[in-house]
Amino acid sequence: MPTVHLVASGGGHLELLRAVRSALAGYRRVWIVDEVRAGRLRDEGERVHILPQYDRNPVRGKYLKNAALALGYVIRGRPRLVISSGAGGTVPFCLFARLSGARLIFIETMARVTSPSSSGRVLSRLATDALVQWPDQLAVYPRARLCRPALLEGVRAGPPPEGHGTFVAVGTHTQPFDRLLRLVDEAAGRGLLPKPILAQVGKAGYRPRVAETHALMTPSDVERAIDSSRYVVCHAGSGLMSAALRAGRKPLVLPRLATHGEHFDNHQEELASKLASLGIAVRLTDEIGPAELARASTPLPRLETEGGDSVAEVLRGVLRGAFDGASPPPPDPPAVDRQLELELARSGGR
């Protein structure tokens with residue numbers, strides 16, 4: 001049975017690959033993820049290898065450990081086809097696999113609407129095939145193929161289901177997002193957000209006074225909290241927003257901004273604005289008020305997004321021709337080294 005290696009960091013990156021597993025029926029799957037995400041995949045019967053993520057400091061941020069493990073996996077596993085959706089910590093594995101002759105499919109995440117991700121700047125050059133999910137991305141990745149957003153495939157039009165209380169989530173990004181937690185506290189203090197309030201707060205410096213808080217929650221616990229809550233308030237991460245939408249709930253979203261030290265750049269602003277323009281998210285600014293809650297209570301509209309085939313359909317076509325014995329030539333090493341140096345200087349996270 002042919003083997004496909006899937007490599008991704010957390011959040012929307014991993015959820016994207018989980019969402020397109022239907023295209024991989026009949027293939028042996030090997031996942032390359034960090035330890036936090038490995039448990040759920042193993043519970044689902046998947047084969048998993050651990051690859052630690054690293055931050056923007058290559059020495060302090062476990063880059064050398066990441067690269068050494070990645071090289072070992074490539075030497076032992078000899079991957080022939082790799083599918084990656086980023087982020088930065090996946091670059092060494094993809095680089096070594098590509099230099100060994102593997103075919104690399106890079107899928108830019110739905111979170112990137114108009115700008116490239118830092119990992120995408122590298123992986124799109126290494127990749128034999130590149131897929132994007134918004135039309136504006138074709139100007140960023142001219143060789144890419146446009147697909148429908150994979151994490152919006154399960155969204156259905158209609159009013160939100162019944163629910164009780166409020167679920168708040170800042171995601172798994174490593175920088176604190178106290179600004180969102182303060183908005184929740186202010187709205188709850190005014191009696192606007194229904195209780196009970198359950199909050200996943202990450203590495204927060206501020207703790208909401210009115211909520212039960214957890215630094216991290218398992219993906220299953222997050223899904224249960226979304227399903228049962230009346231409102232979902234979250235950062236503008238593609239994984240959390242798509243989970244809310246699939247549960248029939250229109251999320252209230254506040255983008256993380258680099259100007260406030262909440263992310264590496266402002267790409268969450270792109271996605272929040274895009275989904276708000278489609279009528280499937282409520283973009284927050286400086287408060288959660290009655291108007292925002294009223295918009296979150298309106299039915300989800302029928303979703304019409306630009307793009308051709310689904311990501312899964314495109315992957316099926318690529319996979320059909322990927323195991324015919326012909327391996328793509330490896331990229332030119334000096335060019336790869338320059339791009340990897342740029343990636344290490346600018347990235348290392350999502």
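Heavy atoms only: backbone and side chains are in, while hydrogens, waters and symmetry mates are out.
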Using a strict threshold of under 4.0 Å (side-chain N to carboxylate O), is an ion pair present between [Y] and [X]?
X	Y	answer
Glu287	Arg190	yes
Arg182	Glu186	no
Arg283	Glu269	yes
Arg18	Glu15	yes
Arg112	Asp265	yes
Glu153	Arg246	no
Glu46	Arg37	no
Arg230	Glu162	no

- Is it true that the side chains of Thr166 and Lys195 contain a donor and an acceptor less than 3.5 Å apart? no
- Going by distance alone, is a donor N or O of one side chain under 3.5 Å from an acceptor N or O of the other, for Gln268 and His235? yes
Which residues share a side-chain hydrogen bond (donor to acceptor under 3.5 Å, both in side chains) with [X], sequence neighbours left out:
X	value
Tyr141	Glu108
Tyr206	Asp185, Arg209
Arg224	Asp221

Main-chain N/O of [Y] paired to [X] side chain as donor or acceptor, under 3.5 Å:
X	Y	value
Asn66	Gly89	yes
Asn266	Leu257	no
Gln137	Trp134	no
Arg249	Ile226	yes

- Query: Any chance the rings of Phe264 and His173 have centres within less than 6.0 Å?
  - Reply: yes
- Checking Arg145, Arg103, Arg98 against Asp129 for salt bridge (Lys or Arg N to Asp or Glu O under 4.0 Å), the one that qualifies is Arg103
- Item | Test item: Ile83 and Leu24 side chains (from C-beta on) under 4.5 Å apart, heavy atoms | yes
